[in-house]
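Read through the structure below, which is laid out as structure tokens, and then see the notes.
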Amino acid sequence: MSSNTPHFNLQPGDLADLVADAYGYEPAGHVVLAAFGTKLSLFDIAYEQDPDTWPDLAADFIGIVAHRLRALGQDPREVLLLVYAHPGDGPEAIEKHTLLGRRLVLACGNHSLPVGGRQFATPTHWWSLPGFMPSDGPGLGSVRLRGAALAQAAAASSPADTRRELMERAYIDFTDELSVHGRDGLLDRLLLFVADLLAGGQDLEELPDQQLARLLLATQNGTFRYRAALRFEPEEVKRARRLWQRVADLCTGEHAQYAAGPLTLLGIAALLDGDCQEASEHLRRAVQSRPDAEDAASGLLCAEFAVLAHRFGVPLDVPDELRRHLRADRPL
């Protein structure tokens, strides 16, 4: 990185301040993308309140932004997404707008834009949409002080630096665990930990960053992914989607190479939750990230088969079909 590249150390609640101060007003009802590279670039678009319009809006908006960044010769270290509430929307709208956040992240992935986080903001408060920044914590509500972001924007480190330190620490801890418990012992401990999380043993939004990083390292192992994928109970798939989304959100910048693992489990959870289209998108990204991941390829094949079956009204036992595809790639 060149010495004249600016560094930004924004607190999670400060991004909305920075954008509003740059614009001179609160862009209510808009999505704003902040691209951090050799310069800070802001892009925005108005969005409707109808969720049915969001997939096309996300695809078109991010496609235009990616084209514009390339035209400007910019290759951002990461991008941050901010959804400004429509007038009258408050914290009750967070869950609904999570869908918009996911669509934006998927579109960024399709254009190789590394997403550092996403946020939902009203004129006086900010809330993290699930999977915002790795250091975000539970993130429900922080009163924003006008102008605070600009005062901090010249600090010496960036979100990418924090993420790098997190992963380095997690790797050291993971190798220590491996030396103590051995491969099989650590695998069993990790699977029991996941089972406890899916059973509701802990609030997923309060799961510490270090544990998310530990699970990210675990998902690099094919046996872990296979056994974790087959542990989803019907009532647990929505929690599984939230868990693996949070883990996948760590895979930005230099850590994008690890994305195939959590994206595979996220795609499988989405498939078992009946969201075949989103499952296909996650699994396709997993295959693109790691073409030799046979479980991701098998999951993608099953998801695309499920999409076709739904389109033509053919009955399909998705869990059974998924197990068949996954087991076909495992040695007897």
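Numbers for residues simply follow the sequence, beginning at 1.
L198 and L192 fall into different hydrophobic clusters, where Ile, Leu, Val, Met, Phe, Trp and Tyr residues are linked whenever their side-chain heavy atoms come under 4.5 Å apart, directly or through other members. In the hydrophobic cluster analysis, where Ile, Leu, Val, Met, Phe, Trp and Tyr join through side-chain heavy atoms closer than 4.5 angstrom, V287 is grouped apart from F305. Cluster membership for L40 and L82, using ILVMFWY side-chain heavy atoms within less than 4.5 angstrom, is shared. L301 and L263 fall into different hydrophobic clusters, where Ile, Leu, Val, Met, Phe, Trp and Tyr side chains are chained together by heavy-atom contacts under 4.5 Å. No continuous path of hydrophobic side-chain contacts links V105 to I64 [ILVMFWY only; heavy atoms under 4.5 Å].
Taking each heavy atom of A34 and L42 in turn, the nearest pair found is CB-CD2, 3.6 Å. Heavy-atom minimum distance, L271 versus A303: CD1-CA, 3.9 Å. Shown here for L99 and P51, the closest heavy-atom pair between the two residues is CD2-CB, 4.1 Å. Between S41 and Q74, the closest heavy-atom pair is OG-OE1, 3.1 Å. Annotation for V307 and S280: closest pair CG2-OG, 4.0 Å, computed over non-hydrogen atoms. Across all non-hydrogen atoms, the minimal contact from A293 to R225 is CB-NH2, 4.5 Å.
No side-chain heavy atom of P55 sits under 4.5 Å from any side-chain heavy atom of L106. Within the 4.5 Å cutoff, no side-chain heavy atoms of H282 are placed close to those of T264. Two residues are said to be in side-chain contact when any heavy atoms from C-beta on lie closer than 4.5 Å; V79 and V65 fail this criterion. When side chains are defined from C-beta on, V83 does not count as touching R118, because their heavy atoms never get closer than 4.5 Å. Contact annotation: the side chain of L243 approaches that of L215 to within less than 4.5 Å [non-hydrogen atoms, C-beta and beyond]. Counting heavy atoms from C-beta on, the side chains of L80 and V115 never come closer than 4.5 Å. The shortest side-chain heavy-atom distance between V194 and W244 falls under the 4.5 Å cut-off. Considering only heavy atoms from C-beta on, D75 stays 4.5 Å or farther from R70 through its side chain.
Contacts of Q211 classified as side-chain hydrogen bond (donor to acceptor under 3.5 Å, both in side chains), with partners at least two apart in sequence or in another chain: R214. A search for side-chain hydrogen bond (donor to acceptor under 3.5 Å, both in side chains) contacts involving R68 returns nothing, not counting sequence neighbours. Annotation: side-chain hydrogen bond (donor to acceptor under 3.5 Å, both in side chains) contacts of D292 (sequence neighbours excluded): R290. In terms of the side-chain hydrogen bond (donor to acceptor under 3.5 Å, both in side chains) criterion, S289 has no residue partners (sequence neighbours excluded).
Residue D176 holds its CG atom at 10.5 Å from OH of Y171, rounded to the nearest 0.5 Å. Taking CD from Q288 and CG from L300, the interatomic distance works out to 9.5 Å, rounded to the nearest 0.5 Å. A distance of 4.5 Å separates CG of L212 from CZ of R246, quoted to the nearest 0.5 Å. The CG atom of D203 lies 8.5 Å from the CZ atom of R242; values are rounded to the nearest 0.5 Å. Distance check, rounded to the nearest 0.5 Å: OG1 of T219 to CG of L190 gives 10.5 Å. Annotation: the span from E281 atom CD to C276 atom SG amounts to 11.5 Å, rounded to 0.5 Å.
Annotation: H97 is in aromatic contact with F120 [ring centroid separation under 6.0 Å].
At most 12 heavy atoms of other shown residues, nucleotides or ligands fall within 6.0 angstrom of atom NE2 in H67.
At a threshold of 4.0 Å, the pair R227-D188 counts as salt-bridged, since one of the basic side-chain nitrogens sits closer than that to a carboxylate oxygen. Ion pairing between a basic and an acidic side chain is recognised when a charged N comes within 4.0 Å of a carboxylate O; E177 and R183 show no such pairing.
Counting only distance, with no hydrogens or angles, the side chain of R285 and the backbone of G109 share no donor-acceptor pair below 3.5 Å. In this structure, the side chain of Y47 engages the main chain of Y84 through a donor-acceptor pair within 3.5 Å. For Q220 (side chain) and Y258 (main-chain N/O), a donor-acceptor pair under 3.5 Å exists by modelled atom type. The closest donor-acceptor contact from the side chain of W54 to the backbone of E48 lies under 3.5 Å.
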Exercise. Show your working on side chain to side chain contact (heavy atoms under 4.5 Å, CB included) between L265 and F224 and close with a plain yes or no.
Key: CA-CA 10 Å; L265 290 170; F224 173 85; 4.2 Å; yes

Quiz item: Where do Y226 and D295 land on the side chain to side chain contact (heavy atoms under 4.5 Å, CB included) test, with the steps shown first?
Solution: CA-CA 7 Å; Y226 174 71; D295 53 350; 5.8 Å; no

Exercise. Mind running side chain to side chain contact (heavy atoms under 4.5 Å, CB included) on L113 and I62 for me, showing each step along the way?
Key: CA-CA 9 Å; L113 293 177; I62 300 303; 4.0 Å; yes

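Here salt bridge (charged side-chain N to carboxylate O under 4.0 Å, His left out) pairs that include residues 264-278, with residues two or more places apart or in two chains, are K238-D273, R241-D273, R241-D275, R241-E278. Screening residues 299-308 for salt bridge (charged side-chain N to carboxylate O under 4.0 Å, His left out) gives R284-E304 as the qualifying pairs, with residues at least two apart or on separate chains.
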